[in-house]
Protein chains: 2
Amino acid sequence: MSTTYKKPGVTVDCVVFGLDEEDLKIILIERGLEPFKGRWALPGGFVHIDESLEAAAMRELREETGVENVFLEQLYTFGDVDRDPRERVISVAYYALVNLSGHKIKAATDARSAAWFSVDDIPKLAFDHNRIFDVALKRLRGKVRYEPIGFELLPEKFTLGQLQRMYEKILEQDIDKRNFRKKILGMELLKELDEVQMDVAHRAARLYKFDERKYRQLKEKGFNFEI
Amino acid sequence: MSTTYKKPGVTVDCVVFGLDEEDLKIILIERGLEPFKGRWALPGGFVHIDESLEAAAMRELREETGVENVFLEQLYTFGDVDRDPRERVISVAYYALVNLSGHKIKAATDARSAAWFSVDDIPKLAFDHNRIFDVALKRLRGKVRYEPIGFELLPEKFTLGQLQRMYEKILEQDIDKRNFRKKILGMELLKELDEVQMDVAHRAARLYKFDERKYRQLKEKGFNFEI
DNA sequence: TCAAAAGTGTTGAGCGTACACCCATGC
DNA sequence: GCATGGGTGTACGCTCAACACTTTTGA
């Protein structure tokens, strides 16, 4: 049955988002081979016959960027007939959220170079990767409002100021400080720590942790996170 | 490069939702071949080498159920290594919304039989199709709240009562009639027609149409649909 | 002492929610 | 005339949005 059909190739591609003090960024890889040799591209590659799609995405991420143990979620599957000039290739795209201060710009393990690019300044990419990136950014902007995934972009311990700036950068809008703090603290999803920031040239802010366990409890009871 | 890897098979599977006076339903197909011969399954099949994923989903829908020209959206891609007992197969799942009164229960064009099943009464399906169905139902329940996709389940001209019952069936909760009407009419997305229901054993209700054009205009201005 | 960010409450407006009765039609 | 769904308004509580000054710390 299936052997009577020519099979398409299957790849995974990853849009890895990171946040620093300036910008929301993604990781790009410089291609060392044709097609699109020298062009920037999303990290990714072919799915092995004995690994799941998510395992393939994690493997490519580790091999090409050194990124490991991060939030990873399937984005969309791109299957236009001519998206790869060589042959028919279907790409299952994933997006990842990493804490950029924890994952400093790492070189790829092979010869290709990896770098962080601001989402406002993405060059022309290989294949249909610009489109994949657009879908990923749109998904992040939509999802960050009603699921507490934004915490994945911050260090484990963070200040309310960092949290607010994270939302301001992703959503590209200013947020009122007092209203934001009232709302986020009112959800009771943050554990207030007995620690404050160190080495800052102004009043040190209190540190908080996201309470994953409590979120799951509330969610089961019908609570909906919303910014 | 890619030729050094064994390729997985790629299929599409479709969860086709329809609504009638009783229930939210999906179409299932009785399998005529091994594996899972005689078991019910989602309509679907292998993606041809020269057709896009969406085209494959539309073709399978037409061939197996006679359904055409309906709302169709990609759901998720299922790629566990052992989801097909024969060989490695990756399935790109889609979900469709059809107006059940317009698409009466059609037999499949080939020997296999197709039938509507209430979502509350889905049998044990072939492959991982129960899981695909679960994801589809969850997606529909989530998405119907903040995108006006529910109209796809109704005839072009519908009453406010039909619209409300559609939401009540999908969301499995009662809605206050006066508040619902106030809210939905307040959005100004419905065109009130100069027509009323025919042949009903009670006061005939006014008919409305969803104003697709107006929705797109409002959406561009930042309007968010929400039930 | 200056710069830079942290921290903190109140008010008004708009929105969501709860709630009960009369109307029109076919049988 | 009865059964069935269609159609309608108000009042209350809560949430959201707007808004400015004092505190702490390091340089």
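Because the structure is a prediction, the values reported are computed rather than measured. Order of the sequence lines fixes the chain letters, A, B, ..., with proteins taken first and strands second; residue numbering starts at 1 for each chain.
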Against the side chain of B:Arg165, the closest entry in D:dG6, D:dA27, C:dA6 is D:dG6
(message) Taking any heavy-atom pair under 4.0 Å as a contact, classify A:Arg206: base, sugar-phosphate, or nothing.
(response) sugar-phosphate
Per nearest nucleotide of DNA chain C, the residue lying toward the 5' end, B:Arg178 or B:Asp199, is B:Arg178
For D:dT8, does the base pair up with any side-chain atom of B:Lys182 as donor and acceptor (N or O, under 3.5 Å, distance only)? no
**OP:** Would you indicate, yes or no, if D:dT15 has its OP1 or OP2 atom less than 4.0 angstrom from a side-chain nitrogen or oxygen of A:Lys183?
**Re:** no
In whole angstroms, the gap separating P of D:dT25 from CE of A:Met198 amounts to 12 Å
For the base of D:dG7, is there a side-chain donor-acceptor partner from B:Lys177 under 3.5 Å away?
yes
Of the listed D:dG6, C:dG7, D:dG9, the closest approach to the B:Asn179 side chain comes from D:dG9
Sorted by position of nearest nucleotide on DNA chain C, 5' first, the leading residue of A:Tyr208 and B:Ala204 is A:Tyr208
(request) Classify the side-chain pair B:Glu73/B:Tyr95 by whether it contains a donor and acceptor separated by less than 3.5 Å. (result) yes
Check: Does any non-hydrogen side-chain atom of B:Phe78 lie less than 4.5 Å from one of B:Asp128?
Finding: yes
Margin query: Angle between ring planes, B:Phe151 versus B:Phe210, binned at 30° and 60°: parallel, tilted or perpendicular?
Written below: parallel
- With a 6.0 Å cut-off on ring centres, are A:Phe127 and A:Phe36 close enough? yes
